Amino acid sequence: QVQLVESGGGLVQPGGSLRLSCAASGRIFSIHGMGWHRQAPGKQRELVASITIDGRTNYADAVKGRFTISRDNAKNTVYLQMNSLKPEDTAVYYCRMPSRDAWGQGTQVTVSS
């Protein structure tokens with residue numbers, strides 16, 4: 001059973017930065033792709049960024065150039081560095097391991113002045 005635990009959310013002003021972390025249990029982390037999703041109130045959950053086993057990345061158009069996904073296999077952790085945050089980035093952010101259909105509990109990100 002894979003467990004994913006996110007951290008790093010919070011309240012930030014527009015233009016600010018946050019870094020989210022997602023720690024995975026077990027020794028299987030390095031052999032799976034990972035993704036970050038978000039869900040804003042009243043909206044569907046959407047894919048924000050993904051990273052493959054060998055580090056190839058993909059981003060939603062809305063966050064390209066502002067967000068960076070990375071991974072540290074030695075720490076079983078995937079990160080989402082979010083810069084130049086906008087109010088429309090406000091959402092609950094979830095970590096996901098698609099191959100196991102495993103989700104974290106989510107962490108709230110609020111961008112507001």
Side-chain angles (χ1 to χ4, degrees):
Q1 190 81 5
V2 175
Q3 288 189 323
L4 305 174
V5 179
E6 301 101 333
S7 60
L11 173 64
V12 63
Q13 292 186 342
S17 298
L18 282 174
R19 188 176 81 154
L20 305 182
S21 300
C22 171
S25 62
R27 295 180 292 176
I28 62 171
F29 177 79
S30 62
I31 62 173
H32 292 274
M34 298 293 295
W36 283 98
H37 298 246
R38 67 185 181 187
Q39 187 166 20
K43 295 188 177 181
Q44 288 190 328
R45 194 172 296 189
E46 62 177 355
L47 177 65
V48 174
S50 62
I51 187 166
T52 64
I53 299 168
D54 56 357
R56 286 174 288 136
T57 59
N58 189 49
Y59 298 93
D61 288 343
V63 307
K64 279 181 182 177
R66 300 188 297 121
F67 290 12
T68 302
I69 188 171
S70 62
R71 64 190 297 159
D72 185 337
N73 290 338
K75 296 182 179 180
N76 285 357
T77 301
V78 62
Y79 304 97
L80 186 68
Q81 177 67 44
M82 305 185 295
N83 299 328
S84 301
L85 282 161
K86 305 175 181 180
E88 51 263 44
D89 295 318
T90 295
V92 178
Y93 284 71
Y94 298 90
C95 175
R96 185 186 183 211
M97 183 181 286
S99 57
R100 295 293 181 99
D101 197 24
W103 292 87
Q105 83 287 355
T107 185
Q108 176 71 46
V109 172
T110 302
V111 184
S112 175
S113 55

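Note that the structure is a prediction, hence the values are computed from the model and not measured.
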Q | L85, T110, N83 screened by side chain to side chain contact (heavy atoms under 4.5 Å, CB included) with L18, the one that passes | A |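 Considering L85, T110, N83, a side chain to side chain contact (heavy atoms under 4.5 Å, CB included) with L18 is found only for L85.
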Q | Residue that, paired with Y93, satisfies side chain to side chain contact (heavy atoms under 4.5 Å, CB included) out of E6, H37, R38 | A | R38
Q.
Walk me through whether N58 and R56 qualify under side-chain hydrogen bond (donor to acceptor under 3.5 Å, both in side chains).
A. CA-CA 7 Å; N58 189 49; R56 286 174 288 136; over 6 Å; no
Closest heavy-atom pair and its distance - [X], [Y]:
| X | Y | answer |
| --- | --- | --- |
| P14 | S113 | CD-N, 3.7 Å |
| L47 | W36 | CD1-O, 3.5 Å |
| P98 | G33 | CD-O, 3.5 Å |
| L4 | A102 | CD1-O, 3.4 Å |
| G9 | V109 | CA-CG2, 4.2 Å |

Heavy-atom side-chain proximity of [X] to [Y] below 4.5 angstrom:
| X | Y | answer |
| --- | --- | --- |
| L20 | Q81 | no |
| Y59 | I69 | yes |
| S112 | L11 | yes |

Between [atom1] on residue [X] and [atom2] on residue [Y], distance to nearest 0.5 Å:
| X | Y | atom1 | atom2 | result |
| --- | --- | --- | --- | --- |
| T57 | K64 | OG1 | NZ | 10.0 Å |
| C22 | R96 | SG | CZ | 12.5 Å |
| M34 | S70 | CE | OG | 11.5 Å |
| Y79 | C95 | OH | SG | 11.5 Å |
| M82 | T68 | CE | OG1 | 11.0 Å |

Q.
Is the ring pair Y94/W103 parallel, tilted or perpendicular, if the boundaries are 30 and 60 degrees?
A.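 The rings of Y94 and W103 stand perpendicular, inter-plane angle above 60°.
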Q.
Please determine whether residues V92 and L80 belong to a single hydrophobic cluster, defined as Ile, Leu, Val, Met, Phe, Trp and Tyr linked transitively by side-chain heavy-atom distances below 4.5 Å.
A. no
Q. Is the backbone N or O of V111 less than 3.5 Å from a side-chain atom of T90, with the two atoms forming a donor-acceptor pair by type?
A.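 Yes: the side chain of T90 pairs with the backbone of V111.
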Q) Does any N or O in the side chain of R71 come within less than 3.5 Å of the main-chain N or O of T52, such that one atom is a donor and the other an acceptor? A) yes
**Q.** Verdict with reasoning, R66 to D89, per side chain to side chain contact (heavy atoms under 4.5 Å, CB included)
**A.** CA-CA 11 Å; R66 300 188 297 121; D89 295 318; 2.7 Å; yes
Q: Kindly check if the number of other-residue, nucleotide or ligand heavy atoms within 6.0 Å of CD (Q3) is above 12?
A: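 Atom CD in Q3 is not packed in, count stays at 12 or less.
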Q. For atom CD of E88, is the number of surrounding heavy atoms from other residues, nucleotides or ligands below 6.0 Å larger than 12?
A.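 Atom CD in E88 is crowded, with more than 12 foreign heavy atoms closer than 6.0 Å.
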